[in-house]
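Take a look at the structure set out below.
Counting convention: from 1, in listed order, for ligands and their atoms alike.
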Amino acid sequence: MTAARTTRLLARTFALTLLWVATTAPALANDSPQPAGWDDQIKLSEAVDLNADPHIVEVTLEARVATVTVAPGVDVEAWTYNGTIPGPLIRAQVGDRVIVHYTNNLPRPSTVHWHGLRVPIEMDGVPGYSQPPVEVGDSFTYDFVVPDAGTFWYHPHVMSAAQVGFGLYGAFVVEDPEENLGVADELVIVLSDIDTDDNGKLRSPDTGGSLGMVFGREGNRVLVNGREHPTLTARAGAPQRWRIVNAAKSRYFMLDLGAGHVFRKIGGDGGLTEYSEDHDFLVLGAGERADVLVAPTAGPGETLMLRSVLHDRGFGSTEYRDIEDLVAITIADMPPYAAGPLPETTREITPYSTEGATAVDLTLTLSQDPRDKSFEYRINGQPGWTTTPVMADLGDVQLWTVENTTKWSHPLHLHGFFFLVLDEHDEPVRPLEWKDTVDIPFEKTRRLLVRFDERPGTWIFHCHILDHAQGGMLSAVQLGLPASEFTPLAVH
Ligand code: C2O
Ligand code: CU
């Protein structure tokens, strides 16, 4: 057993009352060791907090069409929040009240869904279950408390495949003020893509018809915080924290920082994981997040490349494809930073017990209509528009068995609640991690353990390949409400 692992186990044993501890943090470094302007090409703009109360974050969000520059000389008339892709980063602290004055100046109705945030149903942004769609020119005030620290995001829930694909998404970071990793530099990295023609005009969201839906349409331009191939200038060896969001509507990313580099994963969808763990590659399905520490290291003037390598998400996903360069990291002409090893983190997470959990079986299928040959994704034999909901009582713990019979993977997202993923022995996967979106690989089964708390409502779940959701892979949990009150969704 390594010293680090021993430390970790000791920390887990003795730090029962702490939410987390950094066990091997180097001398606390709250001053950035990076050169000035190191992250200028990547840094997200942040929403301006208009409220003087330190525990209230009050911001405005205007959805509108705007011209954005995604690469030198490439301007796109995109759908944006406040005129940028991604929209402004919203930053709050755990327990804060967040008020968002939202106005829809798009050419279509829309809403905002707060992906991963455990908000009341009225704030969940799903038309029909949470609120009516916000009509063109109308406003809506979102107002909720953020109960969990972590890396979240927001996006519309009306015609979501089209609207997210056109540029509507932003990051939402909830900080834990008790947390001090001793890493001064943090980047919030929103990965996405956008589909344009050679003149930068948005392509139709229906390209490829029914078959395009079956695969899930990926944009031809891969964006990192709204730009193709931005550059970061880094001091060799200096640790950085990257909070990464996969906001693409269909694309998976399998990140690689090159030989000699690891991603120290400290958190996922729902905040810090049970303990940090090193990964050579980081796979993020659509909708998933990762919180990692990295220390890019090379000689002065050399360039490292953050790439997305080929990940097999099913038929057609790796053939005739290329590795994507995402971010060029140029090493600054400065002496290397002597930081020592990257910090390790732990967090106490108490898993639910599978004992007494209600079993719920879900089967994901793809059907073809023999008459017009069109395809439809289904959950338990039904597309979203005729679905029967999963029934749950307040406080229920459920064990979901999700069987994917199709030839494509599906990142399944549950609104409003976190779950734990179980391994083949029905034990929670270690390190424990609160998830709201999990990859169900093609022709594989995954088991999840979820507890529904005291927030009654109709909470949807769907594939976060948003074309698949639109193609039928969507259903709902009817929590604390009678089955007779359920009506399937027409738009989402
Ligand atoms: Cu991020 Cu219903 O989705
Ligand atoms: Cu899917």
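The angle subtended at the Cu ion (ligand 2) by ND1 of His410 and ND1 of His468 is 100°, given to the nearest 10°.
Taking the six-membered ring where the residue is Trp, Phe152 and Phe418 present parallel rings, their angle staying beneath 30° rather than reaching 60°.
Checked for salt-bridge contact, Lys407 and Glu443 meet the test: a charged N lies under 4.0 Å from a carboxylate O. A salt bridge links Arg289 with Asp269: the closest approach of a Lys/Arg side-chain nitrogen to an acidic carboxylate oxygen falls below 4.0 angstrom.
Aromatic ring centroids of His468 and His462 lie 6.0 Å or more apart.
Distances from atom 2 (Cu) of ligand 1 to each N, O or S atom of His462 single out NE2 as the nearest.
Residue His115: an N/O/S atom is found under 2.8 Å from atom 1 (Cu) of ligand 1. Between atom 1 (Cu) of ligand 1 and His415 there is no N/O/S contact shorter than 2.8 Å. Atom 2 (Cu) of ligand 1 lies at 2.8 Å or more from every N, O or S atom belonging to His413. Residue contact annotation: His155 places an N/O/S atom under 2.8 Å from atom 1 (Cu) of ligand 1.
Put simply, the residue from His413, His464, Glu288 that forms a side chain to side chain donor-acceptor pair (under 3.5 Å) with Thr437 is His413.
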